[in-house]
Amino acid sequence: MMQALSEISLSAILIIGVLQGIDKNLINASRDLGASPYETIKRVVLPSAKSGIIVAGFIAFVKSLADFGTPIIIGGNFKFLATESYLTVIGRSNLPKASAMSVLILVPAMLVFAFYRYHMKDLQLFTNTGSKTFESGETGFELKGPLNTFLGILTWFFIIVMILQYVTIFGSAITYYNGKNYVFTLKHIKLMRYGKWGSFFRSIRYSLIAGISTSFIGLLLSYYIERRRFIGSKIIDFIATLPYIIPGTFFGIGYILAFNNRPLILTGTEIIVILNCIFRQIPIASKAGSAVLTNMNPEIENAAKDLGVPKIFVIKDIILPLLKPAFLISFINTFTTTMTTVGAIIFIISPGAKVATVEMFNTLRDGDYGIGAVIANLIIISTLLINMVFSKLIQQPNPAKALESKFHR
Amino acid sequence: MYLQLQNLTKQFDNITAVNDMNVNIKKGELVSLLGPSGCGKTTTLKMIGGFLKPTRGKVILDGIDITNLEPEKRPITTVFQSYALFPHMNVQENVGYGLKYRKQYSKKAAREKVDEMLDMVGLKDFARQNVTKLSGGQQQRVAFARALILNPKVLLLDEPFSNLDAKLRVKMRNEIKELQKKIQITMIFVTHDQEEALSISDRIVIMNDGVIVQIGSPKDIYTNPKNQFVADFIGRVNTLKLGEKTLLIRPENIAITSEDTGHNGKIIQKQYMGPYTTYFIKIGEQTIQADISSITDEAWEIGESVNIKFM
């Protein structure tokens, strides 16, 4: 239930993306040929969005499989692969066994990954042609009857549950239960001063560093993959995409094993945590970069060269400014995931340098729900703030797109 | 000769896009590369601009072999088909961008040069305008100014008018021809539009399947097409078999008359085109088209038997 609730939002974003990619003329054509809205959904919209829905479903599946924050806190006596491998490392210091367990998670994850790449190809079919939106005044698309009511109730139910969830988190932070009633209190917030603020600001610092580094590396990578089609660029693309789909626990254990010995002893340092977060999110940065680059006319780059500008300045003056939206998207993504991640980094942080999520995780495990809720709120609010500020920046008209659309009119 | 293409050849895998091309271009000449899509004209342009490396052959400019020079090192600039303006820069930044990395221009000198250029293409009032807010014709002028400001030895134009509407196309074409006359710049112009090529070129290079079919002045090519392909591609042509010999004749070179000329036919269709009317006339088993100027047209009817005269 908890897993479903937390994955619905991500799946919705994915599926909305796919739905927006469907040529609206297809829907108009269907209705023009006499199909009712219900039939249109069944025969045109759903088949078109099929790949997107399947991909979203599988991503949710893998994420749930690898997630252990949720089950360890509310899972009770049920055992999960990810939590078991966590306890094997932390509780019994049995690294080989934990690795073996993580490999078990890896198998379905790899299957999904192959599936995902296969279906992503289909998705691209829909994204390039035709008009994407209904023009204002055009007949919209309204469902009528019991189906509409049912879908409406479902949607509202979800929204209410989501709101309740956040209200509860917020409420727990500023109340305590005295046996009869919930009473307002600031004691949880005051308790934060025992080293907890430190981990919160450490989280922010890690997230900022990871966000900026990831975006730079990812965008450069996408540039080399898209524009300098060198031999092996496909393979590099594949390798760079892997960390995203590999379960976090697996990734974390891998880092312990890789950096425990010479030449690079990094276990217990800050660098290893940041590196881990960077490499997990590079795929998103490079995909965002690729999306902008494929929409960008290569002639623009040629034009700069043609004017006698040295290559390095072409990248600085032309490529980087135009990749700005991709940079922002990737920054938001990395910042958010680094702020909220538990699975991958719980193994590799040193006890003296905890991050907010791990701190929260520990307080919850100790039963200090109030303090846990305060940390949760801090994470939510800071992430939300960054998201809002940067979304605003993205919404500024993208010059590359503006020129393209004028050009094709 | 100013610009020489010698045995220029480009192969992609097994496809030969341009095969053994030899063209000599004089200084200040405007030469069009004309042909159907896929004939190799854009590939040729890219090899001259340095964006593609020829498989064989040479590009020689002003006596210097530039075949292996990078595009940024060539004294050649291009007006791209999509204009390829930098969308994050305004008009004057776009136009001045190429000067930024030339040491001989101080900031002040560069600014003056940009102003001068914008004045020439009539965009002085739009200097600070975002290029994405300009109309198609204005964007075209920015692209043109941006390429010309570097005083290139050769200016390449890759179907520069293909994104403009018909009226604007004619206007821009006149502007560019005038500008070219004024500053005496050597220009190579790629197009698939025969009317465009005829109207502005000093010479036309007709290409098909990667090879040159004919080179000549517009008039030369229109009146003396070397073969059926050229005749068909430049304007319309009737292929009429008269006994042993085959006659290639333009529709405007046919007159309809009631006097006996020895060639008798029947009108099976007519289309009013404004300045002229096209009559479809059946002669034996063949159908020819005749364009009759609206001034001399005697309004022949469909089904009427007429005599035709070749002029």
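This one's a predicted model, so the numbers in the text were calculated from it and none came from an experiment. So you know, we letter chains A, B, ... as the sequences are listed, proteins then strands, and number each from 1.
Neither side chain, A/D306 nor B/T77, offers a donor N or O lying under 3.5 Å from an acceptor on the other. Under the 3.5 Å distance criterion, with hydrogens and angles disregarded, no donor-acceptor pair is assigned to the side chains of B/Y83 and A/N297.
The 12-atom threshold is not exceeded at NZ of B/K46, counting heavy atoms of other residues, nucleotides or ligands nearer than 6.0 Å. Other residues, nucleotides and ligands contribute over 12 non-hydrogen atoms within 6.0 Å of the OH atom of B/Y2. The 12-atom threshold is not exceeded at CD of B/E195, counting heavy atoms of other residues, nucleotides or ligands nearer than 6.0 Å. Within 6.0 Å of CG on A/L385 lie more than 12 heavy atoms contributed by other residues, nucleotides or ligands. Within a 6.0 Å radius of NZ in A/K316, more than 12 heavy atoms belonging to other residues, nucleotides or ligands are found.
Per-residue heavy-atom pair counts under 4.5 Å with chain A were compared for B/L150, B/L156, B/V79, and the maximum is reached by B/L150.
The two residues A/I300 and B/F86 come nearest to each other via the heavy atoms O-CE2, 3.4 Å. Between B/R146 and A/L307, the shortest heavy-atom distance links the atoms O-CD2, 3.4 Å. The two residues B/F80 and A/A303 come nearest to each other via the heavy atoms CE1-CA, 3.3 Å. Between B/Y97 and A/F313, the shortest heavy-atom contact is OH-O, 3.6 Å. Nearest heavy atom pair, residue B/M89 against residue A/D317, reads CE-O, 4.0 Å. Closest approach of A/G308 and B/R102 over heavy atoms only: CA-NH2, 3.5 Å.
Of the charged side-chain nitrogens involved, at least one lies within less than 4.0 Å of a carboxylate oxygen, so that A/K311 and B/E72 count as a salt-bridged pair.
Looking at B/F51, only its side chain comes within 4.5 Å of chain A, counting heavy atoms on both sides. Of the two parts of B/I76, only the backbone, made up of N, CA, C and O, holds a non-hydrogen atom closer than 4.5 Å to a non-hydrogen atom of chain A.
How far OG1 of B/T78 is from CG of A/N302: 8.5 Å, rounded to the nearest 0.5 Å.
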